[in-house]
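Note that the structure is a prediction, hence the values are computed from the model and not measured.
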Amino acid sequence: MKSKLSILLLGLTLSVLLAACGSNDAKEEKADTGSKTEASASEGEELYQQSCVGCHGKDLEGVSGPNLQEVGGKYDEHKIESIIKNGRGNMPKGLVNDKEAAVIAKWLSEKK
């Protein structure tokens, strides 16, 4: 019984991790709408929801990762981008590509 439960939990964990990775197909097909600022903010939030919400929470409140609700008051855009690209603490590097890291960093830098 314990081994069945362990296998089930392992399968569920792997499914969640793979789902968090997301797919780039939908992002590439997205058409430009609205102003560049609105599109960047919207894209930054969308990328965050796809790649970061599991650890930092739906509302940036922090779960297993730190609270990011006021991260822009603590770090500038370039520092945030560096953390996203290179990882920090328990956060691994390479969760998103460089372009996505820049978009997410821009969006998070406005959170003050």
Side-chain angles (χ1 to χ4, degrees):
M1 184 70 175
K2 285 185 179 181
S3 68
K4 287 183 181 180
L5 182 59
S6 296
I7 292 171
L8 178 63
L9 289 174
L10 178 63
L12 180 60
T13 302
L14 288 174
S15 296
V16 170
L17 289 173
L18 290 174
C21 293
S23 170
N24 289 333
D25 296 343
K27 295 176 225 164
E28 292 172 5
E29 294 175 6
K30 207 161 99 171
D32 287 330
T33 57
S35 73
K36 188 163 183 87
T37 304
E38 289 175 10
S40 295
S42 173
E43 186 179 6
E45 183 173 9
E46 183 178 323
L47 289 169
Y48 172 87
Q49 293 294 331
Q50 292 172 357
S51 302
C52 312
V53 72
C55 295
H56 296 286
K58 180 182 172 203
D59 297 317
L60 307 154
E61 71 276 12
V63 180
S64 62
N67 180 313
L68 299 176
Q69 292 173 335
E70 296 179 0
V71 71
K74 185 174 183 180
Y75 301 116
D76 66 14
E77 182 178 340
H78 298 291
K79 179 65 177 174
I80 295 169
E81 184 176 349
S82 174
I83 293 169
I84 294 170
K85 286 181 182 179
N86 302 314
R88 185 172 185 183
N90 291 329
M91 181 176 161
K93 66 179 182 177
L95 293 174
V96 296
N97 66 40
D98 288 353
K99 179 183 178 280
E100 293 168 335
V103 173
I104 295 168
K106 180 169 182 55
W107 179 71
L108 285 174
S109 70
E110 297 168 0
K111 306 298 178 198
K112 299 180 181 185

To the nearest 0.5 Å, what is the distance between [atom1] ([X]) and [atom2] ([Y])?
X	Y	atom1	atom2	value
L108	L60	CG	CG	6.5 Å
I104	E45	CD1	CD	11.5 Å
S51	E46	OG	CD	10.0 Å
K79	S109	NZ	OG	14.5 Å
K111	N67	NZ	CG	12.0 Å

For [X] and [Y], work out which heavy atoms get closest and say how close.
X	Y	result
A105	E77	CB-O, 3.6 Å
R88	I83	NH1-CD1, 3.2 Å
V96	E100	CB-OE1, 3.4 Å
H56	M91	NE2-SD, 4.4 Å

Verdict with supporting geometry, Q49 and K58, side chain to side chain contact (heavy atoms under 4.5 Å, CB included): CA-CA 7 Å; Q49 293 294 331; K58 180 182 172 203; 4.3 Å; yes

With a 4.5 Å cut-off on side-chain heavy atoms, are L68 and Y48 touching? yes

Hey, is E43 close enough to K106 for a salt bridge, meaning N to O under 4.0 Å? no

Applying side chain to side chain contact (heavy atoms under 4.5 Å, CB included), run through K85 and K93 and close with a yes or a no. CA-CA 5 Å; K85 286 181 182 179; K93 66 179 182 177; over 6 Å; no

What's the verdict on salt bridge (Lys or Arg N to Asp or Glu O under 4.0 Å) for K74 and E70, showing C-alpha distance, side-chain angles and the deciding distance? CA-CA 7 Å; K74 185 174 183 180; E70 296 179 0; over 6 Å; no

